[in-house]
Student: 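Please read through the structure below; I'll follow up with questions.
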Amino acid sequence: MKKLLALMLSMVMVLGLAAGCSSDEDNEGNGGVQGEAPPPPVEVKAEEVEEGSLEGNLVVWSFTDEVEVMTVAFKDAQPNVNISYVMTPDREDQFKTSLLNAIMGGNVPDVVSLESAFVREFVENGSLMNLSSLKPLSDAIEAYDFMVDIGTSPDGAIRAYTYQVTPGGVFYRRSIADEVWGDDSPEFVQSKLSNMDNFLAAAQELKAHSPNIYMVASVNEFYNPTYNLRNQAWITDGKLVIDPKVEGLFELAKTFRDEDLEARAGQWSNEWFSSMRSELTDPAGNEMKIFTYFLPTWGLPYVIMPNATSTGGDWGLVHGPFNYSWGGTWIGAMNDATNPENAVEFVKFAALNEDNLRNWATGIYTNEYLRGIDPTLPAVRVSVNDDGEEEEEPGISQGPGDVVNSKRLVAELEEFFDTAATSVFLGGQNNYTMFGAIAGNVQLKWTQASDGTIQDFFGDAVGNYISGDRTREESLEDFRNDVRNVLPDLDWS
Amino acid sequence: MKERIRTGTKADRWGYVFVAPFLIAVAIFTLYPIINMVIMSFTNATNRDFTQSLRFLGFSNYTTVFDNDRFMSSIGNTWKLWIMNFIPQLGIALLLSVWFTSLRLRLKFIGIFRTIFYLPNLLMPATVAALYNMLIGNSGPLNRMLYSLGISQWLVKMNLVPENYLLITPGMDGAPDGIAVILTDIPSFMTGMVAYMQWWLWFGTTIIIVMAGMTSISVSLYESAYVDGASGGTIFFKITLPLLRPVMLYILVTSLVGGMQIMDIPYMFNVNGRPGGRLGEFDTMNVVMVHQYFHGTRNPYGETRNLGLAAAAGMMIFGVILIATIVLLLLMRIGKDKEPKKEKTRKGGVRA
């Protein structure tokens, strides 16, 4: 009897082990030689597909609500496709992890949306379909090269396209500029913020005028822009390299901390959002005023406008001291998609279809419009906010203002935004004109899959230096140890 | 006679059938993953790069983990957190249990107290970490309270908090200054909070176990001690504590095993910053392991083996726990041999 039991157990284990092994082999066969992708399961064609000609299913996974709007709009063009849309926020890497697990388990969606922080990882790991043959479409709408580069894997194949272009600028509060300098025009403010020396001098002037006015909410605002200034990749020749421009962050942040030029309200914190509404107060109830916010294109319609309704019209936008790009959502089709044809068609529609992009940018996709396509969409969504209260939000929609990844459309739509809600919010300023001008100067050449992780650690290191807990050398040593923990195979000698 | 033996064997057979589902489940969901982990710890397994084939690396993953300063310092951090949480946990559980079971005090509503103390244990540790993080934020309730009670002002006046940890806003037009203590930036405070949360979550469970242990000690022992005029302290140290040894050993071992694997709270507590604390002050072994697993991005030059590395780190955590538990059991056994009290118990336990 014991023998039988033992036999049974060992058989189970052997079976289990065998299962483990076979999945490893699958992975091997699946990808082939490193860097070389298998041919896509369908022929990816740039030619237009007739409306309503597609059938079957389409599974879309996304980390952002935006893509749901795209799926509904896609339904208008292809009503016979049955779309199932799954949204997982990427808090604590949730989305990335579930996607990685899905790839390992072999049960992948057809289309995924990928954020700038992790798009490189999937572009490089061979799980996305080669969509290079859609390049003519991308060229036709004159997409910005640096956004296409991010979706291009090391073997030169384009694996993800984006509908946005995300150059960054500096948003500022007009009332503060007026109060301190008596001039709130973007031209004047830009002259005050044109480079980092001027920026610092301006911050000191604000402080001198009133101790309650801070140049920035926190030094974290500089991090993303500064990483964009690198002239080399974080990992060059198998070694971790800290670009001098990035190392400059240590002293820049230290100055802002020591001279009390930052309000120490980190990005995305409750304090940060309430400062946009002029509601940030210290414990005694005094308002802490913050002059500038470093945010890219999407920062206007998604971050500032919804959070600063009470201060609309009091905002301005300038280029600021840096050329930078921040964020963006890429869309790719999975190699192992069950419905590859529909997946490719969706990517074409969402990122490369000029009409769709025009509608996207100009606010055509209102909730009413989308409900006209899919009557089952709710007009009101109930969600639970950070305080645990139920909140009613309007159903999905896409307001005007996002800057689309097409030089042609950006030029064409400039006029439209002269009078749009964004323009009213910015005191008559045209965000499209401004961002269109900035986008020409951005480069993202040095982006690598590991950037997000490394930059998080670097930000921590700067934080520990300016708080005085670590010397600069100790902080850099901590940083190297953190990176070494996750990337042990670099040359650490 | 023969007949009886045969029926006995038949029943045995059914026994195996009855335990089979459990054993099979354990084999598939526990034993197999463990063995798989051991195997993976010797390979370049990864969940990042699907084009990489599995290779045997020998002990390379282990030497990498040993070379990793973050992991080595995390061993000390884990012990520090566990000791900071365990001593008060057992101490307070003992104290409360003595009160609750005391024949002299005869407290009422013990069941209610016990339930209330146990309640935090029903919460998810990750939720608790996020909750406490909100409580101690710059404009969170704790800071507002410190300010309105004048404690922040006093701290500033007495120069007790370094200026780096203070956010002072000069008031305008005669308004008072505002002061917030940036609690999330103070490493020792954050470490203390992690230990405290761990204590807060688990001391209720410990009380229940300790009380169960205490109530199983025969009442007549206490009664005779009272008759002999023993003080509360004597009773505690001469009767309760020695007889509680097996229960305490159980608590010690389970708490140690759990404490060495502590992960959720240290990982989640510093929500807006680096998991494991700004300076890595509560980087526990599991936090470092999870970092290797999740953030070990494939880099463009070297190869990634994040799954293999994390498995090796997991094996080392297992080793630490194994050694600590063996040492603990040996220590307890040595102490036990010195005391000749087994007979006493039996004598005292005889009823009527």
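Just so we're on the same page: letters track the sequence lines, and every chain starts at 1.
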Student: Less than 4.5 Å to any heavy atom of chain B: does that hold for the side chain of A/N464, its backbone, both, or neither?
Tutor: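 Answer is both: backbone and side chain atoms of A/N464 are under 4.5 Å from chain B.
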Student: At a heavy-atom separation under 4.5 Å, does A/I466 approach chain B through its side chain, its backbone, both, or neither?
Tutor: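 Contact with chain B involves the backbone of A/I466 alone.
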Student: Can you confirm whether more than 12 heavy atoms, excluding those of A/D258, are under 6.0 Å from its CG atom?
Tutor: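 More than 12 heavy atoms, drawn from other residues, nucleotides or ligands, come within 6.0 Å of this atom.
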Student: Step through it carefully: locate the ring centre of A/F479, locate the ring centre of A/F457, and say whether they are under 6.0 Å apart.
Tutor: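 No, the ring centres sit 6.0 Å or more apart.
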Student: With only heavy atoms counted, which part of A/F118 is less than 4.5 Å from chain B, the side chain, the backbone, both or neither?
Tutor: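 Neither part, no heavy atoms under 4.5 Å.
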Student: Just wondering, more than 12 heavy atoms not from B/F56 lying within 6.0 Å of its CZ?
Tutor: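 Yes, the 6.0 Å shell around CZ holds more than 12 heavy atoms from other groups.
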Student: Examine B/F42 together with B/Y62 and report whether their ring centres are nearer than 6.0 Å.
Tutor: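 Yes - the distance between ring centres of B/F42 and B/Y62 falls below the 6.0 Å cut-off.
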Student: Quick one: what part of A/D478 sits under 4.5 Å from any heavy atom of chain B, side chain, backbone, both or neither?
Tutor: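 Interface part for A/D478: both.
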Student: Quick one: what part of A/R120 sits under 4.5 Å from any heavy atom of chain B, side chain, backbone, both or neither?
Tutor: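 No part of it gets close to chain B.
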Student: Could you look at B/F71 and say if it's the side chain, the backbone, both or neither that has a heavy atom under 4.5 Å from chain A?
Tutor: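 For B/F71, neither part sits under 4.5 Å from chain A.
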Student: At their closest point, which heavy atom of B/M268 faces which heavy atom of B/A129, and how far apart are they?
Tutor: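 For B/M268 versus B/A129, the nearest heavy atoms are CB-CB, 3.7 Å.
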Student: Working to the nearest 0.5 angstrom, can you tell me the gap between A/I235 CD1 and A/Q448 CD?
Tutor: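 Answer for the CD1-CD pair, A/I235 versus A/Q448, is 5.0 Å.
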Student: Relative to chain A, which segment of B/L309 carries a heavy atom at a distance below 4.5 Å: side chain, backbone, both, or neither?
Tutor: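 Contact with chain A is through the side chain of B/L309 alone.
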Student: Between A/R159 and A/E124, does any NZ, NE, NH1 or NH2 come within less than 4.0 Å of an OD or OE carboxylate oxygen?
Tutor: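 A/R159 and A/E124: not salt-bridged.
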Student: I'd like to know which of B/N143, B/T64, B/D67 tops the heavy-atom pair count under 4.5 Å against chain A.
Tutor: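 Answer, by heavy-atom pair count under 4.5 Å with chain A: B/D67.
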Student: Quick one: what part of A/A461 sits under 4.5 Å from any heavy atom of chain B, side chain, backbone, both or neither?
Tutor: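 Neither part; nothing is under 4.5 Å.
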Student: Sort out for me which of B/D185, B/V288, B/D283, B/L279 touches chain A most, counting heavy-atom pairs under 4.5 Å.
Tutor: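 Among B/D185, B/V288, B/D283, B/L279, the one with the most close pairs to chain A is B/L279.
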Student: Within 45° of the axis and under 6.0 Å from the centre of the six-membered ring of A/Y214, does NZ or CZ of A/K289 qualify?
Tutor: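 Verdict for A/Y214: no cation-pi partner in A/K289.
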Student: Using non-hydrogen atoms and a 4.5 Å limit, figure out which bit of A/D491 sits close to chain B: side chain, backbone, both or neither.
Tutor: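 Neither part.
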